[in-house]
Amino acid sequence: MTLPDSFYQRSDVVQIARELLGKVIITEKAGITTSAMITETEAYAGVTDKASHAWRGRRTQRTEVMYAAGGVAYVYLCYGIHHLFNVVTYKEDIPHAILIRAASPLEGTDIMLERRRHERLTPSLTAGPGSMSMALGIHTNDSGIWLQGPEIRLEDRRIIIPEHEIVATPRIGVAYAGEDAYLPYRFYVKGNPYVSKGKYLQQP
DNA sequence: CAAACGATTTTCT
DNA sequence: GAAAATCGTTTGG
């Protein structure tokens, strides 16, 4: 079942980030379908979260889509190279978002290997937000699209990740966010090889 | 208008 | 482990 708008339009972005583990992301680009099971996410909790692009209500052409009602994509370019895919949550004017950081390949792995110019299937194909987006063919010009259209959608395929297999840690690459860099807003599936290896700030 | 800088990944030592 | 790659967005003058 495709996740409905009501899944995204809830208020607890951290809880939704947790629930996204085990959901399946499907993309269809030029008639080619690829899919993968989400294994790692990070919540960005709106205007009070220093790590968020929308901190203190910052509103620019790039971040405008974060202020839309939940259920659309926010894709932006990072370090001039990587296209990072987020889902927008909650309601209009509240800029919650969840970064999808990694996923385990399901359908179309041959296409994903081509897109990444990889010879063999290894976790580096889709572990890490930039790698995952490239493998699935997600681009910044997908930013703002509705997550029920053909290009990108998320499905519940009744995959259950047991509570004890979910690990929470601080988020990666947000050292600039002061004390908010320590919030346990990153979630991943314990033991799954398709999880990024990035280092995060440890509690001092 | 110039300049700094990333919610990263890959490569080189 | 360190550093380069690479460019749109944002900020400051």
Side-chain angles (χ1 to χ4, degrees), chain A residues 8 13-14 16-18 20-21 25 36 38-68 70 72-90 94-105 112-144 147 152 167-188 193-202:
Chain A
Y8 303 102
V13 64
V14 177
I16 301 172
R18 197 180 248 277
L20 280 175
L21 296 178
I25 176 171
I38 296 171
T39 55
E40 181 180 353
T41 62
E42 277 180 3
Y44 287 84
V47 300
T48 60
D49 182 352
K50 283 186 182 164
S52 171
H53 291 163
W55 181 52
R56 292 172 66 179
R58 203 156 42 119
R59 204 160 177 153
T60 67
Q61 190 170 358
R62 178 180 67 153
T63 61
E64 186 61 31
V65 62
M66 295 181 81
Y67 291 82
V72 298
Y74 169 47
V75 187
Y76 72 96
L77 186 67
C78 186
Y79 293 99
I81 307 172
H82 310 292
H83 300 252
L84 270 55
F85 171 68
N86 300 247
V87 301
V88 174
T89 67
Y90 207 24
I94 310 288
H96 289 181
I98 298 164
L99 173 67
I100 311 300
R101 293 189 52 89
S104 171
M112 296 196 241
L113 286 167
E114 274 179 36
R115 286 182 179 140
R116 294 269 294 131
R117 302 201 175 85
H118 279 204
E119 295 290 328
R120 309 179 171 286
L121 182 58
T122 66
S124 69
L125 182 70
T126 51
S131 304
M132 186 205 71
S133 293
M134 183 185 281
L136 290 168
I138 296 172
H139 191 274
T140 52
N141 48 27
D142 292 318
S143 199
L147 293 175
I152 307 176
V167 183
T169 77
R171 294 168 292 185
I172 303 216
V174 297
Y176 57 83
E179 67 272 24
D180 287 352
Y182 300 105
L183 293 170
Y185 283 2
R186 169 175 177 249
F187 301 98
Y188 67 88
Y194 291 91
V195 168
S196 71
K197 301 285 186 273
K199 287 237 164 60
Y200 49 85
L201 283 186
Q202 304 283 346

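Chain A is the first sequence line, chain B the second, and so forth, proteins listed ahead of strands; every chain is numbered from 1. All values reported here derive from a predicted model rather than from experimental measurement. Only heavy atoms go into these numbers, but all of them, side chains included; no hydrogens, no water, no symmetry mates.
Checked by distance alone, H82(A) brings no side-chain donor or acceptor within 3.5 Å of a matching partner on the base of dA7(B).
The main-chain N or O of L183(A) is never found under 3.5 Å from a side-chain atom of R171(A) such that the two would form a donor-acceptor pair.
Across all strands, L84(A) comes closer than 4.0 Å only to sugar-phosphate atoms, never to a base (heavy-atom distances). Counting any heavy atom pair closer than 4.0 Å across all strands shown, L77(A) reaches sugar-phosphate atoms only and no base atom. When heavy atoms are screened at a 4.0 angstrom cut-off, S131(A) is found touching the sugar-phosphate backbone but no base atom.
For the pair Y182(A) OH and dA7(B) P, the interatomic distance rounds to 17 Å; values are reported in whole Å. Per the geometry, CZ belonging to R117(A) stands 15 Å off C1' belonging to dA5(C), to the nearest Å. We find that OH of Y176(A) is positioned 13 Å from C1' of dT10(C), with the value rounded to whole Å.
Residue R62(A) has no polar side-chain atom (N or O) positioned under 4.0 Å from OP1 or OP2 of dG8(C). Contact annotation: T60(A) side-chain N/O to dT9(C) OP1/OP2 distance is not under 4.0 Å. Dashed line: the shortest gap from a side-chain N or O of R101(A) to OP1 or OP2 of dT8(B) is under 4.0 Å.
Comparing dA7(B), dT10(B), dT10(C) against the side chain of S52(A) picks out dA7(B) as the nearest. Taking every side-chain heavy atom of Y76(A) into account, dA7(B) is the closest of dT10(C), dT8(B), dA7(B). The nucleotide whose nearest atom lies closest to any side-chain atom of R116(A) is, among dT8(B), dT10(C), dT9(B), dT9(B).
Centre separation under 5.5 Å together with a plane angle under 30° does not hold for the ring of Y79(A) and the six-membered base ring of dA5(C), so they are not marked as stacked.
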